[in-house]
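Notes follow once the structure below has been shown.
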Amino acid sequence: MKVDELKKFGFEEKWVERIKMRKIEELYPPQEEFVIRKLFEKNCIISTPTASGKTLMAILAAIKTLEKNKKVLYTSPLVALAFEKYEEFSKFFSDYKVAISVSDYDSSDPWLQKYDLIVATNEKVESLIRHGAEWIKDVGLLILDEIHLLTDPSRGPTLEILITKMRRIVKNLQVIGLSATIKNAEELSEWLDAELLKSNFRPVKLYQGVAYDSIVEFPGHTNIELNKQLELEEAIVIDTLNRNKQILVFCSTRRSTEALAERLSKVVGSRLGRNEKELLTKLSDEIENVLEVPTEQCKRLARCVKNGVAFHHSGLVGKQRRLIEENFRNGLIKVVVATTTLAAGVDLPAFRVLIKDAKRYHPLYGYVYIPTLEYYQMIGRAGRPRFDKFGESIIIAKNKDDAEELVERFILGEPEPITSKLASEPALRMHVLALIASEFCKKKKSVLDFFSSTFFAFKYGDISLLEEKIEEILEMLSEWSFIQIENNKIEATRLGKRISELYIDPLTGKIFVDGLNSNKKFTEFSFLHLISLSIEMKPLLSVRMSELDEIESTLESRREELLVDIPFEEYEYEEFEKSVKMAKVLEDWINEKTEEQILQKYSLTPGELYSRLQIADWLLYSLHEIALIIKKKHLLTPLKKLRLRIEKGVKEELLPLISLEGIGRVRARKLYNHGFKSLEDLRKVPLESIARVVGEKIAAKIKSQLEGKEEKKERQTSLFLEFK
Ligand code: ADP
């Protein structure tokens, strides 16, 4: 169907033109079916492969909703993906107001009332509902991206609860779920009273192969003989470059992405042209210097990029990830070695996709095959529409027998069905409290009733499996004084309501309350250790043999500062040691150890460090709010200061200086050591004196802030917002 024909279905000329501006002239078959069946005005589940054009279908439905003066809410599981969609929608719906809301979990964001299309993460929407955001009632269309993540043990329950709540809050809500190809899409659509659009269409033909012993076998297609002198991965990469194409390699761990990228950069670098080398050197410099002081990982990444290869995982700084994606898209970077998180997220196709690890380590079961659903997502990245006539995916086998097994399991296999993960205790604990705290449920019966509309109940016929657990949780929450149960009536206490709003696990809330109530001497370390005991900080960093002595001696010498007794039980004791290690990491940070020192000492990646700092920031905020409710006034100022110090990584004496924009921990320390210890000290001297320490540009920026010409920056209270 030509895009022009959309007019017959009531889409105005201007929309047709905008679609054409995206270089789309003809609809893909699933898109055509979407239009002919008028799914843009119905509930539906779209279950099609990656890159089959689901976004356009979402856009068509959004047009219809916006024209009826209703709001569109688009939810995404990842912050990075939400930003990508936000940019896309802002451009397309330029005559509407488009907003993004991913940060600050302690607000109902009333400003969103004025917006027509809102992009948010699942967690953020759930927190908006908890805060009773009024505008939610005006949502006409809810678009759920990556709805198959319902099956994900950590993120699935929130998505499931969010859908169930939204359908209860908004009468006649239209729901569109965008899904990868899954086995039981029928079930999912039945649960949502939705129609199902299922297709295997791919815009680019895909050949799936398996590699072993210097050969790539494509069942039913021509095989490729590889260079026998090279290791398998190197040979596949060189074969790709010889065809003038790019390759995306998936590994199961972050460390293996780095090791492989380093190995590959040795063979790729020598095959680049001079011009390319020059551009890559520039890019490599930029990537190395995104932080105030480059870490070892930044340098390693920069060295790979210089040779046209990059590793890509959640341990990178956001800006580095974006630079890599951008320069892979424009063809400068030839090889990206990534963890599987990339497969689910950003639109980053390559001619060839190589899957290095068919198995992944599981702490309980040892090495297990990756889910077929994940395999599908990875191979979905193969083939660049408009550039390639076909794409290729290759999975690596150990030998011929293993290759046969992989063909059976993945190439000929079907993705597994998705299931509800709502029965997990932490998930239930969080959501039961939230339902009561936001007055969604005021009686025990209504809690059970709510769960009977979930996918869990739909799939298992009833919630008898959940009932007992819910009862136990209600009892526990009441024991902790987070809720009150009287006869059949349930109500959250002020404390319970606040804990739910803060978006922390009730068990964390309980740990915090007990810690703050303990009659011990509070030091910074006490607080840092208390937040390291929270559920949100898990999984904690493991303690290496070589670190044991130090941790144990810390435990001994600083016992008085710990707000919780040291446990006796073996497993709990090990966890406790880990929490002490975490507290030490945080303490080193606020005592101005350099990033590199911390990363080396504790074997961390920058991404790991920053994500822990972000969580610590939120937990300290939560601790402060709880201290406020349980009337520990004397702790409020120390907690506020500590939070600022965690944000900036500075000793207390630098706090005045870091309130200035452009002044981070390194510059603040420099200024301080040069005698500029307060804002007043900076005010007194001429610009030149400051410039001698931090350079002309920064000195001017400081002066203009001190003279009130420039606004001081606002702090953001964000939990999962990426470091940009
Ligand atoms: P999905 O969400 O299914 O993974 P996207 O909506 O992100 O896929 O689309 C993948 C790419 O295909 C995008 O770059 C998009 O612009 C392009 N695309 C979508 N529909 C068409 C079409 N009918 N013709 C050409 N390109 C299209």
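Hydrogens, waters and symmetry mates play no part in the numbers below; they use all other heavy atoms, side chains included.
Atom CD in Gln297 sits 9.5 Å away from atom CG in Leu291 (nearest 0.5 Å). Between the CG atom of Leu477 and the CD1 atom of Ile483 there is a distance of 5.0 Å, given to the nearest 0.5 Å.
Looking at residues two or more places apart in sequence or on another chain, you find a side-chain contact (heavy atoms from CB on, under 4.5 Å) between Tyr369 and Ala358, Lys359, Asp402, Glu405, Leu406, Arg409, Phe410. Listed by chain and number, the residues in a side chain to side chain donor-acceptor pair (under 3.5 Å) with Arg612 amount to none (sequence neighbours excluded). Among residues two or more places apart in sequence or in another chain, the side-chain contact (heavy atoms from CB on, under 4.5 Å) test is passed with Ala259 by none. By the side chain to side chain donor-acceptor pair (under 3.5 Å) test, Arg494 pairs with no residue at all, sequence neighbours left out. By the side chain to side chain donor-acceptor pair (under 3.5 Å) test, Glu577 is found to be paired with no residue, residues two or more places apart in sequence or in another chain being considered. Under the rule for a salt bridge (charged side-chain N to carboxylate O under 4.0 Å, His left out), the partners of Lys510 that lie at least two apart in sequence or sit in another chain are Asp514. Contacts of Lys165 classified as salt bridge (charged side-chain N to carboxylate O under 4.0 Å, His left out), with partners at least two apart in sequence or in another chain: Glu126. By the side-chain contact (heavy atoms from CB on, under 4.5 Å) test, Val368 is found to be paired with His362, Tyr365, residues two or more places apart in sequence or in another chain being considered. For the side chain to side chain donor-acceptor pair (under 3.5 Å) test, residues two or more places apart in sequence or in another chain that qualify with Thr554 are Lys584.
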Tabulate below the donor-acceptor pairs under 3.5 Å that side-chain atoms of residues 425-435 make, not counting sequence neighbours, or state none.
{"residue": "Arg429", "atom": "NE", "partner": "Asp505", "partner atom": "OD1", "Å": "3.0"}
{"residue": "Arg429", "atom": "NH2", "partner": "Asp505", "partner atom": "OD1", "Å": "3.3"}
{"residue": "Arg429", "atom": "NH2", "partner": "Asp505", "partner atom": "OD2", "Å": "2.8"}

Show me, pair by pair, the donor-acceptor contacts under 3.5 angstrom made by side chains of residues 537-549, not counting sequence neighbours?
{"residue": "Lys538", "atom": "NZ", "partner": "Glu575", "partner atom": "OE1", "Å": "3.2"}
{"residue": "Arg544", "atom": "NH1", "partner": "Ser603", "partner atom": "OG", "Å": "3.2"}
{"residue": "Arg544", "atom": "NH2", "partner": "Glu547", "partner atom": "OE2", "Å": "2.9"}
{"residue": "Arg544", "atom": "NH2", "partner": "Lys601", "partner atom": "O", "Å": "3.0"}
{"residue": "Glu547", "atom": "OE1", "partner": "Arg544", "partner atom": "N", "Å": "2.8"}
{"residue": "Glu547", "atom": "OE1", "partner": "Lys581", "partner atom": "NZ", "Å": "2.9"}
{"residue": "Glu547", "atom": "OE2", "partner": "Lys581", "partner atom": "NZ", "Å": "3.1"}

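Taking 4.5 Å as the limit, every side-chain heavy atom of Thr339 sits out of range of all side-chain heavy atoms of Phe250. Residues Phe451 and Leu448 have side chains not in contact (no heavy-atom distance under 4.5 Å, counting atoms from C-beta outward).
The pair Glu501-Arg498 counts as a salt bridge, with a side-chain nitrogen and a carboxylate oxygen less than 4.0 angstrom apart. Salt bridge Glu653/Arg669: present, at least one basic N to carboxylate O contact under 4.0 Å. A salt bridge is defined here as a Lys NZ or Arg NE, NH1 or NH2 lying under 4.0 Å from an Asp or Glu carboxylate O, and Glu652 with Lys641 meets this definition. Between Asp152 and Lys421 there is no salt bridge, since none of the side-chain N atoms of the basic residue sits less than 4.0 Å from a carboxylate O of the acidic one. Salt bridge annotation for Glu524-Arg645: present, with a cationic side-chain nitrogen under 4.0 angstrom from a carboxylate oxygen.
For the salt bridge (Lys or Arg N to Asp or Glu O under 4.0 Å) criterion with Asp449, the lone passing option out of Lys443, Arg168, Lys442, Lys444 is Arg168.
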Q: Run the numbers on Arg558 and Glu561 for salt bridge (Lys or Arg N to Asp or Glu O under 4.0 Å), then give the verdict.
A: CA-CA 5 Å; Arg558 306 185 75 172; Glu561 295 176 63; 3.0 Å; yes
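Between the side chain of Thr508 and the backbone N or O of Ile535 there is at least one donor-acceptor pair closer than 3.5 Å. The backbone N or O of Arg255 sits nowhere less than 3.5 Å from a side-chain atom of Glu258 that would complete a donor-acceptor pair.
Ring geometry for Phe527 against Phe522 counts as parallel: the plane angle stays under 30°, on a 0 to 90° scale with 60° as the upper cut. By the 30° and 60° cut-offs, the orientation of the rings of Trp480 relative to Phe482 is perpendicular.
Sorted by first and then second residue, the ring-ring contact (aromatic ring centres under 6.0 Å, His included) pairs involving residues 529-562 (not counting sequence neighbours) are His529-Phe576.
Side-chain contact check for Asp145 and Ser76: no donor-acceptor pair (N or O, by modelled atom type) lies under 3.5 Å. A donor-acceptor contact closer than 3.5 angstrom links the side chains of Thr75 and Asn122. Looking only at atom types and distance, the side chain of Glu595 has a donor-acceptor partner in the side chain of Tyr610 under 3.5 Å away. Checked by atom type, the side-chain pair Lys520/Ser526 shows no donor-acceptor distance below 3.5 Å. For the residue pair Glu160/Ser420, the side-chain donor-acceptor check at 3.5 Å is satisfied.
Checked against a 6.0 Å centroid threshold, the rings of Phe450 and Phe440 count as neighbours.
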